[in-house]
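Remarks on the structure that follows.
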Amino acid sequence: MNGNDLPSPIDVVALYKANNITKMRTYDPITETLPALKGSEIEVILDIPNSKLQSLGDPQEAENWVTTNVMSYAKEVKIRYINVGNEISPVNNGTSQFVPFLLPALTNVQQSITKSGLQDQVKVSTAIETGLLANTYPPSQSAFREDTMGFIKPIIEFLKQNNAPLQANIYPYFGYIGDPEHVQLPYALFTQEQPDPSGYTNLFDAMLDSVYYAIDKAIGENNVEIVVSESGWPSDGGVGASVENAATYYKNLMDHAKSTKGTIYRPGKPIETYLFAMFDENLKIGADTEKHFGVFHPDKTQKYNLTF
C-alpha cells in the first residue's frame with residue numbers, strides 16, 4: 001500500500017478474483033481493505049503494525065482491536081491468520097524497540113480470539129526474518145542466534161501451545177546479493193540442477209529448512225509449521241534485479257510451493273507461500289529495489305504473466 005498510484009481496495013479485490021488469487025496478506029491500514037473483502041471468499045492474513053503493539057499490552061485494547069477488525073467481519077470475511085508485528089528482532093535496529101511488546105500483544109490478542117470462540121478458525125502468529133538465525137549452512141546446523149534466544153523461544157512455545165504456525169519472510173534475493181561469491185544466481189532462482197554438498201538445489205528450501213532446524217533446537221522438537229508469509233524478487237533497482245530474473249523466481253517458486261515436493265526437512269506436501277508483493281510501491285523507503293517487488297503494475301496489468 002506504499003504507493004500513491006495504486007487501485008482502490010474494491011478494485012484490488014476484483015483483480016484478485018479475476019486472477020483466481022484466493023489468499024491475501026494485508027498490511028496496515030486494514031480499515032479500507034476489510035469492507036472490500038466482504039463476501040469475496042478470499043482468505044486473509046491481517047497484520048497488526050509494529051507501532052500498535054505497545055498499546056495491545058493492555059488486554060482491553062487487544063479486545064477492542066479484535067472486536068473492530070475481526071468480530072465485525074468474521075461472518076463475511078475469511079480471516080485466517082492475525083500477524084502480530086512483522087520482522088521484530090532484538091538484532092534488527094529498525095524493529096528491536098518493539099521486542100518487549102510482542103509477547104504481551106500476542107497473548108492478549110490470542111485471549112480475545114479465544115474468548116470470541118474463533119481460536120480454531122483464526123490463528124494468531126508473528127512474522128520473523130531470517131536474520132534471527134546463525135550457522136545457516138548447512139541448514140541442519142542452523143540455530144537461533146544466542147542473543148535472540150530469550151526473545152524467540154517463548155514465542156515459539158506460545159505458537160506451539162496454540163497450534164499456530166510461525167510466519168517467516170524468506171528472501172533468496174537478499175541471500176544472493178549479500179554473498180554473491182558463495183550464492184550462485186541459479187541456486188537463488190530454482191534453476192540449479194545439481195544439489196550442493198548439503199543436498200539442496202535451491203536457496204529457498206535451504207532458508208526455510210534453516211528455520212525448521214532452528215525451531216527444533218530451540219524447543220527440542222518440531223511440530224510448529226511454518227507459513228512463508230513473504231517471498232519475492234525485485235524487477236529493477238539493484239544487483240540481480242531484472243524482469244527476467246524476477247519472472248523466473250516467481251514462476252519457479254509458485255511451481256515448487258504448489259507441488260508436493262516440499263523441502264528436505266519437510267517433504268511430501270505443498271508450502272503455504274505468500275508472494276511479495278501485489279504491486280510496485282513508488283513511496284516505499286529503503287533501497288531502490290524495494291519499490292519494484294510487485295507482480296502487478298499499479299495499472300493492474302501483470303508484470304510476469306503468472307498463472308494463479
Side-chain angles (χ1 to χ4, degrees), residues 1-52 65-66 68-87 121-123 125 127 167 169-171 173 227-237 243 246-247 249-251 253-254 257-258 272-286 289-308:
M1 292 187 177
N2 288 317
N4 58 13
D5 55 355
L6 300 179
S8 70
I10 286 175
D11 284 348
V12 173
V13 171
L15 184 62
Y16 267 66
K17 287 176 161 178
N19 285 275
N20 195 33
I21 302 170
T22 56
K23 298 185 183 184
M24 173 190 291
R25 179 178 178 187
T26 182
Y27 302 86
D28 204 50
I30 53 177
T31 44
E32 296 166 28
T33 312
L34 282 166
L37 284 163
K38 283 184 176 180
S40 67
E41 296 295 305
I42 294 168
E43 289 188 350
V44 190
I45 301 179
L46 291 185
D47 263 63
I48 300 179
N50 297 346
S51 58
K52 180 91 180 146
W65 189 93
V66 168
T68 304
N69 298 292
V70 180
M71 296 305 295
S72 305
Y73 296 96
K75 287 187 171 66
E76 295 174 279
V77 179
K78 287 188 166 181
I79 298 168
R80 182 173 173 134
Y81 303 116
I82 298 169
N83 253 5
V84 181
N86 187 52
E87 297 190 343
Q121 182 184 327
V122 181
K123 292 298 178 183
S125 186
Q167 313 256 346
N169 298 340
I170 304 285
Y171 282 99
Y173 173 72
V227 169
V228 179
S229 42
E230 290 180 19
S231 193
W233 197 283
S235 58
D236 200 2
V243 169
Y249 182 76
Y250 285 111
K251 282 176 179 164
L253 172 61
M254 288 167 68
K258 283 189 293 189
E272 186 175 346
T273 304
Y274 292 78
L275 305 185
F276 190 88
M278 191 65 175
F279 299 107
D280 282 347
E281 300 175 288
N282 65 358
L283 299 180
K284 191 83 180 271
I285 56 172
T289 49
E290 294 288 338
K291 295 180 170 68
H292 302 284
F293 272 89
V295 296
F296 284 81
H297 296 291
D299 67 3
K300 299 187 286 188
T301 57
Q302 268 227 44
K303 218 194 273 187
Y304 309 118
N305 199 27
L306 304 172
T307 304
F308 296 96

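- Looking only at distances, a side-chain donor or acceptor of Lys303 sits under 3.5 Å from a matching main-chain atom of Gly294.
- Closest approach of Ala127 and Asn83 over heavy atoms only: CB-ND2, 3.6 Å.
- Using a cutoff of 4.0 Å between basic side-chain nitrogens and carboxylate oxygens, Asp28 and Lys52 are not scored as salt-bridged.
- Proximity of Met1 to Thr26: side-chain heavy atoms (C-beta onward) are separated by under 4.5 Å at one or more points.
- For the atom pair CD1 of Ile45 and CD1 of Ile79, the computed distance is 12.0 Å after rounding to the nearest 0.5 Å.
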Given the rule in the side-chain contact (heavy atoms from CB on, under 4.5 Å) test, do Tyr73 and Leu46 qualify, once you have shown the distances and angles that lead to the verdict?
CA-CA 12 Å; Tyr73 296 96; Leu46 291 185; over 6 Å; no
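- When the shell of 6.0 Å around CD of Glu32 is examined, it contains 12 or fewer heavy atoms from other residues, nucleotides or ligands.
- For the pair Thr289 and Pro234, the tightest heavy-atom approach, listed with the atom from each and the gap, is O-CB, 3.7 Å.
- Separation of atoms CG (Leu253) and CG (Leu275) is listed at 6.0 Å; rounding is to 0.5 Å.
- To the nearest 0.5 angstrom, His292 atom NE2 is 4.5 Å from Asp236 atom CG.
- Here the shortest heavy-atom pairing between Glu230 and Tyr171 reads OE1-OH, 2.6 Å.
- Counting heavy atoms from C-beta on, the side chains of Met278 and Tyr16 come closer than 4.5 Å.
- In this structure, NZ on Lys300 lies 13.5 Å from CD on Gln302, to the nearest 0.5 angstrom.
- For Ile10, the CD1 atom sits in a loose shell: 12 or fewer heavy atoms of surrounding residues, nucleotides or ligands are nearer than 6.0 Å.
- A donor-acceptor pair is defined here as one N or O able to donate and one able to accept, closer than 3.5 Å; such a pair exists between the side chain of Glu281 and the backbone of Asn2.
- For the pairing with Phe296, the side chain to side chain contact (heavy atoms under 4.5 Å, CB included) check across Leu306, Ile21, Asp280 returns one residue only, Ile21.
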The test is side-chain contact (heavy atoms from CB on, under 4.5 Å); show your working for Asn169 and Asn86 and say whether it passes.
CA-CA 9 Å; Asn169 298 340; Asn86 187 52; 3.1 Å; yes
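- Shown here for Pro9 and Thr33, the closest heavy-atom pair between the two residues is CB-CA, 4.3 Å.
- Side chain of Thr273 to main chain of Val228: no donor-acceptor pair is present (N/O by atom type, distance under 3.5 Å, no hydrogens or angles).
- Looking at Tyr250, its side chain does come within 3.5 Å of a backbone N or O of Trp233 through a donor-acceptor pair.
- The two residues Pro298 and Phe279 make their nearest non-hydrogen contact at CA-CD2, 4.1 Å.
- A perpendicular orientation is assigned to the rings of Phe276 and Phe293, their planes being inclined by more than 60° (bins at 30° and 60°).
- Between Ser229 and Tyr27, the shortest heavy-atom contact is O-OH, 4.5 Å.
- Expressed to the nearest 0.5 Å, how far CG of Leu6 lies from CG of Asp11 amounts to 11.5 Å.
- Using a 4.5 Å cut-off on side-chain heavy atoms (C-beta onward), Val84 and Trp65 make no contact.
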Test log, rule side-chain contact (heavy atoms from CB on, under 4.5 Å), inputs Val227 and Tyr274:
CA-CA 8 Å; Val227 169; Tyr274 292 78; 3.7 Å; yes
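- The shortest distance between side-chain heavy atoms of Glu272 and Lys23 falls below 4.5 Å.
- Contact check for Glu41 versus Thr22: no side-chain heavy atoms found under the 4.5 Å cut-off.
- Expressed to the nearest 0.5 Å, how far CZ of Arg80 lies from CD of Gln121 amounts to 11.5 Å.
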